[in-house]
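Okay, so here's the structure we're looking at.
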Amino acid sequence: MAGEPALKRRGKDVPERSLIEAAQRDPACFAQLYENNFDRVYAFIARRVGDRDQAQDLTADVFHSALKNLARFEWRGAPFAAWLFRIAANAIADRGKRAAQLETFKSQEVAQDDVSSADLAEAEHRARLFKLVEKLPADQRRVIALRFAHQKSIAEIAKDLGRSEGAVKQLQFRGLQSLRTMVGER
């Protein structure tokens, strides 16, 4: 005991304000503040988070933050524990926000996976359709490709192929009918 600081030997007999001022001058004196307040802070956190591991982690975070920011603490007559409880409440809220953000991120990943699955299904459907288009007679295949893949109008296709618009419409109709039949067979 002879080597221990006087404040630590006396513990709770020393007024809290003196402990705080001593800890502000010498961080080694913070240990007594930790000892005096640990149980209250841990209980405060444990009641709110309901998980022992989280409560232990958050309690450690609170005291780490308190020691780090002790120089900013101003004595106003309120118990030191009130300041620690405020730090704890903020730590709990921050952890809750991070958990919510993580949950949102996970939900977005799932949604993106669903979109990716939908995109994949759409790509597979189009690939099957293109294979079926390849089985059409040349004139129908050309009209279907120009109309839907190149998104040309009936008039543009008629001009490109040197045919009447009526003939292009007829080729498109027959091509689509043939595709419907082939899709129905699968």
Side-chain angles (χ1 to χ4, degrees), residues 38 41-74 82-186:
F38 177 83
V41 172
Y42 178 78
F44 176 86
I45 293 170
R47 280 192 304 271
R48 283 156 182 79
V49 299
D51 178 82
R52 183 180 179 168
D53 291 335
Q54 278 190 1
Q56 290 172 346
D57 290 348
L58 284 167
T59 301
D61 292 347
V62 167
F63 282 101
H64 176 77
S65 179
L67 179 59
K68 181 179 169 187
N69 295 298
L70 191 59
R72 294 187 207 158
F73 178 81
E74 293 179 27
W83 186 59
L84 294 173
F85 292 152
R86 188 171 59 233
I87 294 171
N90 289 338
I92 293 167
D94 289 346
R95 179 143 315 179
K97 287 176 190 173
R98 283 193 304 271
Q101 288 170 342
L102 180 62
E103 202 56 41
T104 300
F105 179 73
K106 286 179 181 178
S107 296
Q108 288 173 345
E109 280 185 332
V110 168
Q112 287 175 349
D113 287 346
D114 290 346
V115 169
S116 297
S117 297
D119 290 344
L120 182 60
E122 178 67 24
E124 288 174 352
H125 175 70
R126 286 182 185 204
R128 285 192 301 272
L129 196 54
F130 284 125
K131 284 185 180 186
L132 293 176
V133 169
E134 290 173 6
K135 294 180 180 181
L136 292 174
D139 286 345
Q140 290 177 13
R141 183 175 58 240
R142 205 173 308 129
V143 168
I144 296 295
L146 290 170
R147 182 78 171 116
F148 298 103
H150 298 284
Q151 297 183 342
K152 290 193 171 197
S153 69
I154 297 289
E156 291 171 318
I157 297 169
K159 184 178 177 185
D160 289 349
L161 298 180
R163 299 210 176 188
S164 70
E165 288 183 26
V168 169
K169 287 179 185 177
Q170 191 64 23
L171 288 168
Q172 176 183 312
F173 177 77
R174 281 189 259 153
L176 291 174
Q177 284 298 101
S178 297
L179 287 173
R180 282 189 191 102
T181 302
M182 288 188 267
V183 168
E185 292 171 358
R186 291 184 166 242

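Not measured: the values here are computed from a predicted model. Residue indices begin at 1 and follow the sequence shown.
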Give every donor-acceptor pair under 3.5 Å between a side-chain atom in residues 143-161 and any protein atom, sequence neighbours left out.
unit_1	atom_1	unit_2	atom_2	d
R147	NE	Q172	OE1	3.2
R147	NH1	K152	O	3.0
K152	NZ	D160	OD2	2.6
S153	OG	E156	N	3.1
S153	OG	E156	OE1	3.4
E156	OE1	S153	N	2.8

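- Distance check, rounded to the nearest 0.5 Å: CG of L179 to CG of L136 gives 4.5 Å.
- A donor and an acceptor atom, one from each side chain of Q177 and R180, are located under 3.5 Å apart.
- Interatomic distance, L171 CG to R163 CZ, rounded to the nearest 0.5 Å: 5.5 Å.
- Within 6.0 Å of CZ in F173 there are 12 or fewer heavy atoms belonging to other residues, nucleotides or ligands.
- A donor-acceptor pair is defined here as one N or O able to donate and one able to accept, closer than 3.5 Å; no such pair exists between the side chain of R141 and the backbone of V133.
- Other residues, nucleotides and ligands contribute only 12 or fewer heavy atoms inside 6.0 Å of the CZ atom of R52.
- At least one side-chain heavy atom of R95 sits less than 4.5 Å from a side-chain heavy atom of D61.
- Across V62 and A91, no two heavy atoms sit closer than the pair CG2-CB, 4.3 Å.
- In terms of heavy-atom proximity, W83 sits nearest to A66 at CH2-O, 3.6 Å.
- Residues T59 and F44 are not in side-chain contact: their nearest non-hydrogen atoms beyond the backbone lie 4.5 Å or more apart.
- The number of heavy-atom neighbours closer than 6.0 Å to CZ of F130, taken from other residues, nucleotides and ligands shown, is 12 or below.
- Note: I87 CD1 to F63 CZ = 9.0 Å, rounded to the nearest 0.5 Å.
- Taking each heavy atom of S178 and Q140 in turn, the nearest pair found is OG-OE1, 3.8 Å.
- Note that CD1 of I92 and NZ of K97 are 13.0 Å apart. Values are rounded to the nearest 0.5 Å.
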